[in-house]
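Scroll down for the structure; my scribbles are underneath it.
This is a predicted model, so every value here is computed, not measured. All residue numbers refer to positions in the sequence shown, counting from 1. Order of appearance sets the numbers: ligands from 1, and atoms from 1 within every ligand.
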Amino acid sequence: MKVDVLLGLQWGDEGKGKVVDVLTPRYDVIARFQGGPNAGHTLEFEGTKHVLHTIPSGIFHAGKVNVIGNGVVIDPVVFKKEIDALKARGVDVAKNLFISRKAHLILPTHRLIDAASEAAKGKEKIGSTLKGIGPAYMDKTGRNGLRIGDIEHPDFLSNYNKLVQKHKVLLAQYNFEYNLAEMEPAFFEGIELIKNLPLIDSEYEMNRFIKENKSILAEGAQGSLLDVDFGSYPFVTSSHTITAGTCIGLGIAPTNIGEVYGIFKAYCTRVGSGPFPTELNDETGELLRKKGNEFGATTGRPRRCGWLDIPALKYAIMLNGVTQLIMMKSDVLSGFEKLKVCTKYKYRGQLIDYVPYDVVNEPIEPVYEEVEGWNEVLDHVTDIDELPQSLHKYIAYIEKATGLPITIVSVGPDRKQTMLRDIMVK
Ligand code: IMP
């Protein structure tokens, strides 16, 4: 069976975790392919909220296989906390969580370098989550990194110390104080825990699942507009967040990709620095933040908020080969008399409908169309036909602009507040 992919079409925080959790009953295997503890996938059911950082969002469904692929970077400290929290809720991770030996490790010194480098950038900082993501991927591509499989090797400690020495030389260039000795015990506790979990050659396992006709869902992290190549560089994350990243991060061929679910919020948010054409620095932005509870699941930082951006959405759809759309947080837009949708940009004196090369140094101005809003509170709506007419029109408007069907509409954080339309494929 082909591998379906679910990923974010904006700047992350679209609600991927919740939808993966809802779709998991349809799949045998859920796999993460990139990113690491910079992600915060929030799931809500039975009155409780769960935040996952590294572990796939299928973990709450007994009997489903959850794979952390080679493209992911793992911080044993965060990972152990996640595992401990899951165990406390009675989730048996040893049975259904498998980790790629080729996934790279985030060392405490990676986190220190992240913090030192951001502090040194001052106003130009990326707004990193400071989880050590960039430095860990730098060591991966620089061919210095340590991988999960290395912890099984008798020389692991000496290899760890060698890499730490390199990092200390780097850190010496920054005026940055740190206490590594305080950080290391938690790291090694995490390493011991990982040693006792099933470590796999995930590229072989994934391809075996495909051959055995298992249904597989690949779960993206961050968002397409944070992709290291296609995002607003340098204000991006360090991994490939788009569909192509699935092939690299799991070791599967492009011909094995099936459906691509592109998930987006009914408006836009961004956390951290970088261009955001439709950002609202006014009371409307403030209202969206308040109503949408737009604060980071990983860092708690307030998210920047703005109207839906169609050229950016279409760019992400193009990069990912999206086959169906999922619209989140429609409930947050209740109460606005009119909604604005950016359909074009004003850039270098011209009207354009694409994302230009330089959005960092050159001003880019959104050009809006107005559509009707709705007043109805949507929290309790469970039948798509009960959604207000204006929301149906908003859905139709986006479908027309993108040329794709919106097959899932979400009106709240709970599993139950998710409506699958009968046009959904699968
Ligand atoms: P890093 O990946 O932690 O280095 O952060 C790079 C940029 O991506 C920053 O602007 C972060 O705020 C943003 N970012 C990283 N992970 C996420 C995420 O899961 N959701 C939203 N933004 C993220």
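At a heavy-atom distance under 4.0 Å, no atom of Lys131 approaches ligand 1. Neither the backbone nor the side chain of Phe235 comes within contact range of ligand 1; no heavy atom lies under 4.0 Å.
Under a 4.0 Å criterion applied to the non-hydrogen atoms of Val271, ligand 1 contributes the atoms 10 (O), 11 (C), 12 (O), 21 (C), 22 (N). Less than 4.0 angstrom separates some heavy atom of Trp11 from each of these atoms of ligand 1: 21 (C), 22 (N). Close approach of ligand 1 to Val236 (heavy-atom distance below 4.0 Å) involves ligand atoms 6 (C), 7 (C). The distance from ligand 1 to the heavy atoms of Ala39 drops below 4.0 Å at these ligand atoms: 19 (O). In summary, the atoms of ligand 1 found under 4.0 Å from a heavy atom of Gly127, numbered by their order in the structure, are 9 (C), 10 (O), 11 (C), 12 (O).
A salt bridge links Arg111 with Asp75: the closest approach of a Lys/Arg side-chain nitrogen to an acidic carboxylate oxygen falls below 4.0 angstrom. The existence of a salt bridge linking Glu294 and Lys329 is confirmed by a sub-4.0 Å separation between a basic side-chain nitrogen and an acidic carboxylate oxygen. For the pair Glu279 and Arg270, the salt-bridge criterion is not met [side-chain N within less than 4.0 Å of a carboxylate O]. Taking the charged nitrogens against the carboxylate oxygens, Lys400 and Glu369 have no contact shorter than 4.0 Å, which rules out a salt bridge.
Between Arg301 and ligand 1, an N or O atom pair is found at a separation short of 3.5 Å. Between Ile133 and ligand 1, no N or O atom pair is found at a separation short of 3.5 Å.
A search for salt bridge (charged side-chain N to carboxylate O under 4.0 Å, His left out) contacts involving Glu118 returns nothing, not counting sequence neighbours.
Using a 4.5 Å heavy-atom cutoff, the side chains of Thr284 and Cys305 are not in contact. For the pair Val65/Ile216, no side-chain contact is recorded, criterion being any heavy-atom separation below 4.5 Å from C-beta on.
Pairs engaging residues 51-82 under the ring pair (Phe, Tyr, Trp, His ring centres under 6.0 Å) rule: Phe45-Phe60, His50-Phe60 [sequence neighbours left out].
Among protein heavy atoms, atom 16 (N) of ligand 1 sits closest to Gln222 CG, 3.2 Å. In this structure, atom 3 (O) of ligand 1 lies nearest to the protein heavy atom Thr129 OG1, 2.5 Å. Nearest protein heavy-atom neighbour of atom 21 (C) of ligand 1: Asp13 OD2, 3.1 Å. Protein heavy atom closest to atom 4 (O) of ligand 1, with residue, atom name and distance, is Ser128 OG, 3.3 Å.
For atom 23 (C) of ligand 1, the nearest non-hydrogen atom from the set Asn38, Leu226, Thr237 comes from Leu226.
Partner His41 forms a side chain to side chain donor-acceptor pair (under 3.5 Å) with one of Arg32, Lys18, Glu219 and no other, that one being Glu219.
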